[in-house]
S.K.: 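Once you've had a glance at the structure underneath, I'll fire off some questions.
Basis for what follows: all heavy atoms, side chains included, without hydrogens, waters or symmetry-related copies. Both ligands and their constituent atoms are indexed starting at 1 by order of listing.
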Amino acid sequence: MNAPHSETVHPLWLRCCHWVNAIALAGMLFSGWRIYNASPLFDFSFPASLTLGGWLGGALQWHFAMMWVWGINGAVYLLLGVVSGRFRYKFLPLSLRALFNDVVQALRGRLTHNNLSQYNMVQKIAYLGVILLGVGQLLSGLVLWKSVQFPLLRTLLGGYEAARYIHFFCMSAIVLFIVVHLVMVLLVPRTLLAMFRGR
Ligand code: HEM
């Protein structure tokens, strides 16, 4: 099914949410990497040049400030997406067979994106997947931020230490999504224009 106004690929609210998300997420990632460096989970640290905040305290301030922008913006995006019906006509129905076909076409370099108002199955799964990763990032972040205030959530996630790993792996998967997403945008630059102009 097509969007109600077929000439508008992305409504204004969607474009605002998308770009606010991109900026807020950049702030969260770069400050998050500085926070990680203060107590690494693994045998590596992020290069200081890729981090924000200068030191642990500064990075935490950036992270907590951006957290509100990112969280409220994400809630607005989800609410308007559901209420406007956009999620339904953009992301549904899902089909494993169509996903398989699209992956095969993509591997052959033949996956087209001529109609910008419709997402192919790879895009649908990727976008829904990154939204779910965002939810995972938020829930594990709540446990790390206010561990005492969210005891049930902490238990459900397997404890404070487990929440740290969940937060790290959701972040890694989001970064992987962003890299692939940006490569795709470079391959089909028209989509970038539509994400600015709406048409
Ligand atoms: C500078 C960075 C970014 C650029 C240039 C960019 C560009 C784009 C473009 C051009 C589209 C439309 C794709 C199409 O019509 O086929 C899009 C959609 C989307 N992008 Fe990004 N993006 C960026 C960052 C991000 C980030 C950080 C996320 C989340 C982690 C994200 C998540 C999404 C989602 C979920 C959609 C689908 C939105 C919807 O239709 O509801 N993007 N992006």
S.K.: Do L25 and I178 touch side chain to side chain, with heavy atoms closer than 4.5 Å?
M.R.: yes
S.K.: Could you tell me which atoms of ligand 1, counted from 1 in the order shown, lie closer than 4.0 angstrom to a heavy atom of L14?
M.R.: 39 (C), 41 (O)
S.K.: Hey, does the side chain of R154 reach the backbone of S147 with a donor-acceptor pair shorter than 3.5 angstrom?
M.R.: yes
S.K.: If you measure from each non-hydrogen atom of W70 to ligand 1, which part falls under 4.0 Å: side chain, backbone, both or neither?
M.R.: neither
S.K.: Would you check the N or O atoms of R86, main chain and side chain alike, for any that come under 3.5 Å of an N or O of ligand 1?
M.R.: yes
S.K.: Examine distances only and state if a side-chain atom of K146 and a backbone atom of G141 form a donor-acceptor pair shorter than 3.5 Å.
M.R.: no
S.K.: Against ligand 1, does W19 come closer than 4.0 Å with any heavy atom?
M.R.: yes
S.K.: Using atom types as modelled and distance alone, determine if a side-chain donor or acceptor of H63 lies under 3.5 Å from a backbone N or O of S31.
M.R.: no
S.K.: Atom 16 (O) of ligand 1: which protein heavy atom is closest, and how many Å away?
M.R.: H113 NE2, 2.6 Å
S.K.: Among F87, F91, F177, which residue places a heavy atom closest to atom 32 (C) of ligand 1?
M.R.: F177
S.K.: Taking only heavy atoms of L25, which atoms of ligand 1 are found under 4.0 Å from at least one of them?
M.R.: 27 (C), 30 (C)
S.K.: Could you tell me whether the side chain of Q123 and the main chain of N120 form a donor-acceptor pair under 3.5 Å?
M.R.: yes
S.K.: Ignoring hydrogens and angles, tell me if any N or O in the side chain of S95 forms a donor-acceptor pair with the backbone of A98 under 3.5 Å.
M.R.: yes
S.K.: Determine all donor-acceptor pairs shorter than 3.5 Å in which one atom belongs to a side chain in residues 13-22; sequence neighbours excluded.
M.R.:
from: R15; atom 1: NE; to: H10; atom 2: O; distance (Å): 2.9
from: R15; atom 1: NH1; to: F196; atom 2: O; distance (Å): 3.0
from: R15; atom 1: NH1; to: R197; atom 2: O; distance (Å): 3.3
from: W19; atom 1: NE1; to: M195; atom 2: O; distance (Å): 3.1
from: N21; atom 1: OD1; to: W70; atom 2: NE1; distance (Å): 3.1

S.K.: Under the ring pair (Phe, Tyr, Trp, His ring centres under 6.0 Å) test, which residues partner H181, sequence neighbours left out?
M.R.: Y127, F177
S.K.: Just heavy atoms, cut-off under 4.0 Å: does M184 contact ligand 1 by side chain, backbone, both, or neither?
M.R.: neither
S.K.: For ligand 1, which atoms have a heavy atom of Y119 less than 4.0 angstrom away?
M.R.: 14 (C), 15 (O), 16 (O), 37 (C), 38 (C), 39 (C), 40 (O)
S.K.: If you have a sec, work out which protein heavy atom is nearest atom 10 (C) of ligand 1 and how many Å separate them, to one decimal?
M.R.: T191 O, 3.2 Å
S.K.: Can any side-chain N or O of D102 pair as donor or acceptor with the backbone N or O of M121 at less than 3.5 Å?
M.R.: yes
S.K.: Considering non-hydrogen atoms of the protein only, which is the closest contact for atom 35 (C) of ligand 1, and what is the distance?
M.R.: Y127 CD2, 3.7 Å
S.K.: Of all heavy-atom pairs between L52 and A59, which one has the smallest distance, and what is that distance?
M.R.: O-CB, 3.4 Å
S.K.: For distances below 2.8 Å, what is the count of protein N, O or S atoms around atom 21 (Fe) of ligand 1?
M.R.: 2
S.K.: Under 4.0 Å from a heavy atom of I178: give me the atoms of ligand 1 that qualify, with their elements.
M.R.: 27 (C)
S.K.: Residues in ring pair (Phe, Tyr, Trp, His ring centres under 6.0 Å) with Y160, at least two apart?
M.R.: none
S.K.: Below 4.0 angstrom from a heavy atom of L192, which ligand 1 atoms are there? Numbered from 1 as shown, please.
M.R.: 5 (C), 10 (C)
S.K.: Just to be sure I read this right, does ligand 1 sit under 4.0 Å from the backbone of L182, its side chain, both, or neither, counting only heavy atoms?
M.R.: side chain
S.K.: When you look at F42 and F168, which way does the ring-ring contact (aromatic ring centres under 6.0 Å, His included) test go after all the steps?
M.R.: CA-CA 10 Å; F42 302 101; F168 181 89; 5.0 Å; yes
S.K.: I need the atoms of ligand 1 closer than 4.0 Å to a non-hydrogen atom of Y77, numbered in the order shown.
M.R.: 38 (C), 39 (C), 41 (O)
S.K.: Which atoms from ligand 1 have a heavy atom of H10 less than 4.0 Å away?
M.R.: 12 (C), 15 (O)
S.K.: Parallel, tilted or perpendicular: which describes the rings of F87 and F91, with under 30° parallel and over 60° perpendicular?
M.R.: tilted
S.K.: When the aromatic ring centroids of W33 and F30 are compared, is their separation below 6.0 Å?
M.R.: yes
